[in-house]
Amino acid sequence: MNKVAIITGASRPNGIGAAVCRKLGNDGFDIFFTHLHHYDVKTGYDDRKRDFGERFSEELREKGIRAAHMELDLAREDSATMLLQEVERTLGTPAVLVNNATFCVEVGHNELTYELLNQHCAVNVTGTCMLSAEFAKLLTARHKKGKIINFVSGQDKSPEPGNLAYVATKGAISAFTKSLAMELAGQSITVNALDPGPTDSGMDLKTKDFLRGKFPTGRIGTPEEAANLVAFLASEEANWITGQIIHSDGGFQD
């Protein structure tokens, strides 16, 4: 039986989440992914589609990958329970959790509000932390080992003025990653985070031109490159790696 991987926030064909699903699926994992269309509509990406979940599931199945999905808002208090129950019902006990779903509205201190900060916290902090905790409890109850892989931003490298709510909540996940890793090390559950840097998952030409000069490589990272690191952290070869924040960003300097 294949191992099962959960990937949250796989909502667009050109996004990092979809790239992670493809990579892990090709590496032999069964794939369960979540998506949230109404959030994708607000982001403005051209590749968002209402029926993406079923279309993408079919894409994976055509490659021989067992796949299932659900629309899920991680801001819901019962989101972790709902998700894990559905994963076990459709594919079996998961072995890998990739916390890719995020909420982001770029604001500085003049625009920051309680409501906006709470929206960021509900998904980026509470949703991610509670799903990670429930996932770990499930694996412990099933006497299984596993991997938790979180996505963070570059807040561990440099300040990000003008994006206060997002960077604050992603910073919380960096701290959470390190401490949760220590709690779960004795249970053969690793916890790591990766920062892929600015990634071309459908950004406009103006943004590309602005960012390109900040990379010593002269180019912007791809979703597939982020997925490659996720696949390594999800593999047996990474069993000795835990509690790490890995900047796989092509040397990006802001």
Side-chain angles (χ1 to χ4, degrees), residues 5 7-10 14-24 27 96-104 106 120-121 123-125 127-129 131-132 146-185 189-203 207-254:
I7 300 92
T8 66
N14 298 324
I16 290 177
V20 171
C21 291
R22 294 187 186 104
K23 175 61 178 173
L24 292 182
D27 285 355
V96 172
L97 169 63
V98 181
N99 284 308
N100 173 65
T102 192
F103 182 91
C104 180
E106 295 190 19
H120 281 78
C121 287
V123 176
N124 300 350
V125 181
T128 297
C129 292
L131 178 55
S132 298
K147 315 272 187 166
I148 299 174
I149 303 164
N150 299 320
F151 271 88
V152 295
S153 187
Q155 77 286 333
D156 299 283
K157 289 180 63 176
S158 61
E160 294 183 30
N163 201 10
L164 294 182
Y166 180 74
V167 75
T169 51
K170 284 298 184 179
I173 295 305
S174 292
F176 179 76
T177 294
K178 294 178 179 179
S179 293
L180 183 62
M182 297 304 99
E183 288 193 9
L184 299 179
I189 301 173
T190 65
V191 189
N192 293 289
L194 68 94
D195 160 31
T199 303
D200 185 5
S201 63
M203 63 179 62
T207 302
K208 289 182 187 179
D209 289 340
F210 172 75
L211 290 172
R212 193 174 291 112
K214 298 175 180 286
F215 288 89
T217 56
R219 69 173 180 86
I220 299 170
T222 67
E224 290 71 27
E225 287 167 327
N228 288 339
L229 179 54
V230 171
F232 171 67
L233 292 173
S235 72
E236 295 296 315
E237 285 79 5
N239 285 349
W240 196 235
I241 301 173
T242 195
Q244 303 303 305
I245 313 296
I246 303 172
H247 298 281
S248 179
D249 60 4
F252 176 77
Q253 296 294 327
D254 198 357

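Heavy atoms only: backbone and side chains are in, while hydrogens, waters and symmetry mates are out. Here the structure is a predicted model, which is why all the values come from computation and not from measurement.
A distance-only check finds a donor-acceptor pair linking the side chain of Gln155 to the backbone of Ser153 [under 3.5 Å]. A distance-only check finds a donor-acceptor pair linking the side chain of Gln244 to the backbone of Thr242 [under 3.5 Å]. In terms of modelled atom types and a separation under 3.5 Å, the side chain of Asn192 and the main chain of Gly243 share a donor-acceptor contact. Judged by distance alone, with hydrogens and angles left aside, the side-chain atoms of Thr169 form a donor-acceptor pair with the main-chain N or O of Ala165 at under 3.5 Å. A donor-acceptor contact shorter than 3.5 Å is absent between the side chain of Lys147 and the backbone of Leu97.
Proximity of Pro161 to Asn163: side-chain heavy atoms (C-beta onward) are nowhere separated by under 4.5 Å. By the 4.5 Å heavy-atom criterion applied to side chains, Tyr166 and Glu106 are not counted as neighbours.
Atom NZ of Lys178 sits in a sparse spot, with 12 or fewer heavy atoms from other residues, nucleotides or ligands closer than 6.0 Å.
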* Run the side chain to side chain donor-acceptor pair (under 3.5 Å) check on Asn14 and Ser201 step by step: do they pass? -> CA-CA 5 Å; Asn14 298 324; Ser201 63; over 6 Å; no
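Between Pro223 and Thr199 the shortest heavy-atom distance is N-CG2, 3.4 Å.
Taking SG of Cys129 as the start and CZ of Phe176 as the end, the distance is 4.0 Å to the nearest 0.5 Å. Atom-to-atom distance recorded for Asn99:CG and Ile173:CD1 is 7.5 Å, nearest 0.5 angstrom. Atom CD in Gln253 sits 7.5 Å away from atom CG in Asp249 (nearest 0.5 Å). Rounded to the nearest 0.5 Å, atoms CZ (Phe151) and CD1 (Ile7) are 10.0 Å apart. Residue Lys170 holds its NZ atom at 6.0 Å from OG1 of Thr128, rounded to the nearest 0.5 Å. Interatomic distance, OG of Ser132 versus CG of Leu184, reported as 9.0 Å (0.5 Å rounding).
In this model, no donor atom of one side chain and acceptor atom of the other lie less than 3.5 Å apart for Thr8 and Asn100. Checked by atom type, the side-chain pair Asp156/Ser174 shows a donor-acceptor distance below 3.5 Å. Counting only N and O atoms by type, the side chains of Thr190 and Asn239 include no donor and acceptor under 3.5 Å apart. There is no side-chain donor-acceptor pair under 3.5 Å between Glu225 and Asn228. For Thr102 and Asn124, the side-chain atoms include at least one donor-acceptor pair closer than 3.5 Å.
Classification of Asp195 and Lys157 as a salt-bridged pair fails, no side-chain N sitting under 4.0 Å from a carboxylate O.
Of the listed residues (Ile246, Val20, Ile149), just one forms a side chain to side chain contact (heavy atoms under 4.5 Å, CB included) with Leu229, and that residue is Ile246.
Classified by interplanar angle (parallel below 30°, tilted 30° to 60°, perpendicular above 60°), the ring pair Phe103/His120 is perpendicular.
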